[in-house]
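Structure first, then comments.
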Amino acid sequence: MLKTNPPDLAPPSPPQPLRTSAFVVYATLALLALTIPQSLVGWLQDKNSSELQEIMLKGANVLQRVSQQTGIAIPYQRARDFFLAATGKTDD
Amino acid sequence: MLFPTIDFALFFAVVFPITWLLNGYNTWKKCFLVAASYFFYAFWRLDFTLLLFASSLGNYLMALALGRLKDGAARRTLFWAAIAGNLGLLGYFKYYNFFVASFVNALEAIGFKVEIGFIEVALPIAISFVTFHALSYIIDVYRGVLKPTTSLLDILFYISFFPHLIAGPIVRANKFLAQTVGPRDPANIRLGQSIFLILGGLFKKVIIANYLSTNFVDDIFRDPAANSSLDLIFGMYGYSLLIYCDFSAYTDIAIGVANLLGYEFPQNFNYPYRAISVQDFWRRWHMSLSSWLRDYLYIPLGGSRFGTLATFRNIMITMMLGGLWHGASWNFLLWGGLHGAALVIERAFGQTGQADAVRRSPAATALRWFVTFQFVSVAWVFFRASSTDTWLAYFSTLFSGANWSTSITPFVAVIFVLGALSHIIPPRWFETWEARYDRASLPVKILVPFVVIFLISVAAPNGIAPFIYFQF
């Protein structure tokens with residue numbers, strides 16, 4: 001999917017590319033953590049037990065509860081269920 | 001650490017701001033990026049970071065010595081010692097058991113029985129890429145193209161920089177070291193292009209490559225004789241799409257990630273299955289490896305300067321060694337040999353594509369594309385087969401033509417179509433989308449990657465298989 005030499009195609013940079021890039025990176029990660037919190041919880045559960053892991057896991061569980069109670073997690077769950085039903089696949 | 005994982009997302013979330021915060025303190029920034037890269041590598045195995053360090057240190061010292069010596073026997077000897085050291089390391093870990101087994105088998109075939117010990121050691125991940133980066137540096141210094149750097153930190157950084165460390169693209173030393181001399185300009189970040197490379201890479205790896213592999217191709221190659229001829233044909237095309245989507249995904253993400261950190265990597269793929277000759281294919285596939293082989297192997301062997309037969313010999317040697325670079329197996333050698341033979345035939349008949357294509361009719365071009373794609377796809381069977389028996393069974397069953405049923409499900413058919421789109425969508429579409437993205441407001445800039453990754457997560461299989469090129 002790559003094109004010709006990158007410099008030839010370089011579009012005009014946004015005025016503050018670094019600040020914009022930082023916003024994009026962190027906001028995307030935050031939105032993903034909020035809308036798919038179970039992946040963060042599952043990922044942390046798979047890690048070796050340590051003090052840091054337990055603290056992070058508690059935080060992720062809180063995030064998951066908030067996400068579920070406010071309904072933010074619902075679109076992902078519905079979309080995932082629909083995908084699994086449509087393709088006949090399972091989450092196992 | 002795999003790119004499409006939470007591990008990497010968090011790793012990058014830490015590395016990205018610290019890199020730019022240290023941008024005004026170049027030495028500290030490089031120290032930090034080396035530490036981050038070693039951490040990235042140690043995620044797989046800690047002890048082989050020592051090997052990475054030893055290789056970097058050895059090449060740094062050798063290059064310094066090469067830079068100080070005047071042309072003569074001593075310099076030549078040192079150069080060949082450096083080459084032997086790098087290839088020896090690669091040979092020990094990657095090829096020792098293969099050559100020993102081949103030697104023992106050959107002797108047994110003529111009635112001799114010998115016992116030579118095998119080494120039991122894990123193959124260090126990415127050792128082929130590390131070696132080729134190191135060789136690029138040593139050869140350029142020997143040729144006088146590049147002055148040896150006095151900074152060990154720069155060499156540690158060049159060889160270990162995490163975006164290219166595991167599976168390329170192979171970045172030339174002179175191109176990379178030029179980027180290490182001072183702070184990087186944030187204006188060089190091409191956000192739209194980087195984001196699209198990363199998103200496209202995630203889609204190709206997580207959706208297309210993973211599903212093609214686990215839902216179809218792996219089963220076909222596990223026991224080719226148990227499949228129909230039609231499925232074996234689809235398996236061949238499926239693997240063509242799979243290996244492209246898998247490998248180009250890695251390098252696309254690597255290029256995008258490196259650019260977000262302010263560094264430039266070379267392009268590695270350019271619609272390879274649109275090639276209209278095998279030579280054209282190698283101008284589009286794993287471009288950083290094919291140009292490396294051309295500049296550091298084919299041309300030093302004599303290239304096309306010493307007559308037709310010598311040219312053919314040089315092509316065959318280059319392609320067979322290029323095949324063997326991928327792994328210690330006769331199948332890789334055979335795969336490289338097939339491509340070499342095709343390049344020789346094209347050269348013999350003056351059919352090398354590209355420049356002469358404009359003079360041909362669309363039908364002739366289409367025919368050339370068709371023949372090239374069939375050849376490349378057939379050759380991938382040798383590349384993918386786990387043994388000689390596997391590809392023998394594959395082709396004998398395929399050509400038996402006994403069974404023309406198919407086990408392809410509608411879901412796998414959709415994945416095939418999505419994979420094919422990677423070559424059907426014209427490049428200008430991506431350029432237009434990137435330009436629009438760069439002009440969009442900040443909320444849209446955030447929403448695009450969020451929505452795409454969200455949708456990829458919805459359709460993602462559980463667990464991500466390692467990238468195919470990790471083993472090389």
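Note on naming: letters A, B, ... go to the chains in the order of the sequence lines (proteins, then strands), and numbering restarts at 1 for each one.
- Taking 4.0 Å as the cut-off between side-chain N and carboxylate O, B/Arg184 and B/Glu264 do not count as a salt-bridged pair.
- For A/Val24, the parts lying under 4.5 angstrom from a heavy atom of chain B are both the backbone and the side chain.
- Neither the backbone nor the side chain of B/Leu455 comes within contact range of chain A; no heavy atom of the residue lies under 4.5 Å from a heavy atom of that chain.
- Between the CD1 atom in B/Ile243 and the SG atom in B/Cys245 there is a gap of 11.0 Å [rounded to 0.5 Å].
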Set out, in order, the CA-CA distance, both residues' side-chain angles and the distance that settles salt bridge (Lys or Arg N to Asp or Glu O under 4.0 Å) for B/Asp252 and B/Lys205, then state yes or no. CA-CA 10 Å; B/Asp252 283 0; B/Lys205 171 62 184 169; over 6 Å; no

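- Interface remark: B/Pro17 contributes backbone and side-chain atoms alike to the contact with chain A (heavy atom separation under 4.5 Å).
- Taking every heavy atom of both residues into account, B/Phe269 and B/His286 meet most closely at CE2-N, 3.5 Å.
- We find the CG-CD1 distance between A/Leu34 and A/Ile72 to be 4.0 Å, quoted to the nearest 0.5 Å.
- Taking the six-membered ring where the residue is Trp, A/Tyr26 and B/Phe16 present tilted rings, their angle falling between 30° and 60°.
- In this structure, the portion of B/Phe411 lying under 4.5 Å from any heavy atom of chain A is its side chain and not its backbone.
- Contacts of B/Ile425 with chain A are absent, with no heavy-atom separation under 4.5 Å from either backbone or side chain.
- Looking at B/Asn215, only its side chain comes within 4.5 Å of chain A, counting heavy atoms on both sides.
- With values rounded to the nearest 0.5 angstrom, A/Leu40 atom CG is found 5.0 Å from A/Leu44 atom CG.
- Chain A forms the most heavy-atom pairs under 4.5 Å with one residue out of B/Pro410, B/Ala459, B/Ala9, and that residue is B/Ala459.
- The most heavy-atom pairs under 4.5 Å with chain B, out of A/Ala79, A/Ala27, A/Ser21, come from A/Ser21.
- Interface remark: of the candidates A/Thr35, A/Thr87, A/Leu32, A/Leu32 forms the most heavy-atom pairs closer than 4.5 Å to chain B.
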Could you please spell out the steps behind the side chain to side chain donor-acceptor pair (under 3.5 Å) verdict for B/Ser248 and B/Lys204? CA-CA 8 Å; B/Ser248 70; B/Lys204 284 191 285 186; 2.8 Å; yes

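- Within the 4.5 angstrom heavy-atom criterion, atoms from both the backbone and the side chain of A/Leu31 approach chain B.
- Highest contact tally toward chain A, considering only B/Ser194, B/Pro443, B/Pro449, is held by B/Pro449 [criterion: heavy-atom pairs under 4.5 Å].
- At a 4.5 Å heavy-atom cutoff, the contact between A/Leu29 and chain B is made by side-chain atoms alone.
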